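Below: one structure, written as structure tokens.
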Amino acid sequence: MPATERRQSALVGRTLGMGGIGLCVTACACSMLATSAAFVTLPAASPLGCGIRGAASAHQLRRGGVTGLRAVCSGEEGAGLGRREALALALGVVPLLGAPGLASAAKDKKAVEDDAARLIRQMNIVKFTATIDDATNKALKMAENGDLRGAEKQWTLAIDVYENGGDGVVLSPQALYRLGKTLAQRADCRADLGTLEKSEVKLLGAVDDYAKAIDIQSSPEMKVKLGTILTLLGRFAEGDKELDAVIDGNVGNEIKGRAYTNRGISKQRQQLWVDAVKDFTEASELTKGNDEVLKNLALAKIEAGDAKGALIMLRDQAKKIPKGTYIEGAEDVPAALAAAEFVAGNADKARAALDKVTDIRFRDLRFVREARFWGPRLSKG
């Protein structure tokens, strides 16, 4: 190596705190640049203010790898670079050596941050799930014990956690499914409260919950429930629309029978007796003679003009019911039979049937009209 080149290389090594390996570092840098030296342009002025001419330096680097750098360091081709200029060139090249290391460090830091964020999300999900499970268990127990107000509060707590959980939890398909199910359970609770307390506010809350649950995960059962509550609220067209969708759909006999039954009740409340008879007849066939459906069919037949057929049906049902007992959903059969016998002109049989009525509510005309939806002919009896 020429003496001038050795002195300048040694100066670079000492200045960088690297002693005798300065030339090795510089050479390695140039080797790295050998494949891309033509693509690097040094600044016109170095950090040390040495005034290196960018164009000349770039031109000399383009000569290729170590040879190009040696030309710069030795001042070939009249570049006239002194030791300070050589030092500036080295300082401009050596930082390139650190770029892969810095990128790797940044990559490692990003990985650590991602892991930490992922852990936080997982912890939030655990807390999210635990809160919902606790509220759900409490709500189910309260509802089972008849504490509907307490159950409603717990369902509300669970729903609030779902809707405000953050961290993308609510957006997952599984969480959305569970949210829909929880909304439906609160709707059931509110429907029961609204019916028991005659609270329009609770019934409206049930309608809202059922609608949201259906938007998330529709089901024929929820549509039947929504249609039923809408009927109770007197929103017959909306209720019939939900029930029609189930009746026209591909569903089992049990759920279709319920849809026909509830649509029949809707027609009954609107005093559309012929339509009510049709729906109750379909429901009785699908439910294989359910007692509540048969009772409703008999009451509708009386108002539709088939008093004889209705009387036969009520007599058959009454024979199955021992005195002082009732069939759920058909509690008004004894009282309805007494009224139907009177309408048919059978006063003695009407009195005998009335003696078997032990539930005093069915002796209240207002109750049978408003709560049991008796028509005008039967109510007159």
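Note that this is a predicted model, so its numbers are computed, not measured.
Salt-bridge check for Asp215 with Lys212: failed, with every basic side-chain N at 4.0 Å or more from each acidic carboxylate O. Salt bridge absent: Arg361 and Glu331 never bring a charged side-chain N and a carboxylate O closer than 4.0 Å. Between Lys267 and Asp279 there is no salt bridge, since none of the side-chain N atoms of the basic residue sits less than 4.0 Å from a carboxylate O of the acidic one. The pair Asp209-Lys225 does not count as a salt bridge, with every side-chain nitrogen at least 4.0 angstrom from each carboxylate oxygen. Taking the charged nitrogens against the carboxylate oxygens, Asp244 and Arg263 do have a contact shorter than 4.0 Å, which makes a salt bridge. A salt bridge does not link Asp291 with Lys295: every distance from a Lys NZ or Arg NE/NH1/NH2 to an Asp or Glu carboxylate oxygen is 4.0 Å or more. At a threshold of 4.0 Å, the pair Glu197-Arg149 counts as salt-bridged, since one of the basic side-chain nitrogens sits closer than that to a carboxylate oxygen.
In this view, Tyr177 satisfies the ring pair (Phe, Tyr, Trp, His ring centres under 6.0 Å) rule with no residue, not counting sequence neighbours. Among residues two or more places apart in sequence or in another chain, the salt bridge (charged side-chain N to carboxylate O under 4.0 Å, His left out) test is passed with Arg369 by none.
Scanning all heavy atoms of the two residues, the minimum distance from Leu311 to Ala344 falls at CD2-CB, 4.0 Å. Heavy-atom minimum distance, Ala338 versus Ala350: O-CB, 3.4 Å. Of all heavy-atom pairs between Ala184 and Ala213, the closest is N-CB, 4.0 Å. Closest of all the heavy-atom pairs between Arg377 and Gly305 is NH1-CA, 3.5 Å. Of all non-hydrogen atoms in Arg363 and Leu354, the two that sit nearest each other are NH2-O, 3.2 Å. The minimum heavy-atom distance between Asp364 and Arg366, with the atom names listed, is OD1-N, 3.0 Å.
Using a 4.5 Å heavy-atom threshold, the side chains of Leu226 and Val207 count as touching. For the pair Asp332/Leu299, a side-chain contact is recorded, criterion being any heavy-atom separation below 4.5 Å from C-beta on. Contact of the Val246 side chain with the Glu242 side chain is not registered, since no non-hydrogen atoms from C-beta on lie closer than 4.5 Å. At least one side-chain heavy atom of Arg351 sits under 4.5 Å from a side-chain heavy atom of Asp348. Looking only at side-chain heavy atoms (C-beta outward), Ile229 and Arg235 stay at 4.5 Å or farther from each other. Glu152 is listed as a side-chain neighbour of Lys202, based on a closest heavy-atom distance under 4.5 Å. Thr156 is listed as a side-chain neighbour of Arg190, based on a closest heavy-atom distance under 4.5 Å. Taking the side chain as every heavy atom from C-beta outward, Arg315 and Leu337 approach each other to under 4.5 Å.
One distance of note links CD1 of Ile255 with CD1 of Ile247; it measures 10.5 Å at 0.5 Å rounding. Atom-to-atom distance recorded for Thr136:OG1 and Gln154:CD is 9.0 Å, nearest 0.5 angstrom. Atoms CG and CD, on Leu176 and Gln217 in that order, are 10.0 Å from each other to the nearest 0.5 Å. The CZ atom of Arg186 lies 12.0 Å from the CG atom of Leu193; values are rounded to the nearest 0.5 Å. Between Asn262 atom CG and Leu243 atom CG the span is 6.0 Å, to the nearest 0.5 Å. Phe367 contributes atom CZ, which lies 10.5 Å from atom CD1 of Ile360 (distance to the nearest 0.5 angstrom).
Residues Leu378 and Leu314 are members of one and the same hydrophobic cluster, defined by side-chain heavy-atom contacts under 4.5 angstrom among Ile, Leu, Val, Met, Phe, Trp and Tyr. Linking Ile, Leu, Val, Met, Phe, Trp and Tyr residues whenever their side-chain heavy atoms come within less than 4.5 Å leaves Phe236 and Leu204 in two separate clusters. Residues Met142 and Ile132 are members of separate hydrophobic clusters, defined by side-chain heavy-atom contacts under 4.5 angstrom among Ile, Leu, Val, Met, Phe, Trp and Tyr. Under the 4.5 Å side-chain heavy-atom criterion for ILVMFWY residues, no single connected hydrophobic cluster contains both Ile216 and Trp155. Met222 and Val224 are assigned to two separate hydrophobic clusters, defined by single-linkage of ILVMFWY side chains at heavy-atom distances under 4.5 Å.
In this structure a side-chain-to-backbone donor-acceptor pair under 3.5 Å is missing from Arg258 to Thr287. Within the 3.5 Å criterion, the main-chain N or O of Gly150 finds a donor-acceptor partner in the side chain of Asp147.
The closest side-chain donor-acceptor pair between Gln270 and Ser266 falls under 3.5 angstrom.
Just one residue in the list Leu230, Asp208, Thr195 forms a side-chain contact (heavy atoms from CB on, under 4.5 Å) with Leu203, and that residue is Thr195.
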*Walk me through it: do Asp133 and Arg178 pass the test salt bridge (Lys or Arg N to Asp or Glu O under 4.0 Å)?*
CA-CA 11 Å; Asp133 288 346; Arg178 291 189 65 185; 2.8 Å; yes
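Here Met313 is tied into one hydrophobic group with Ile265, Val277, Phe280, Leu294, Leu297, Phe373, each link being a pair of ILVMFWY side chains closer than 4.5 Å.
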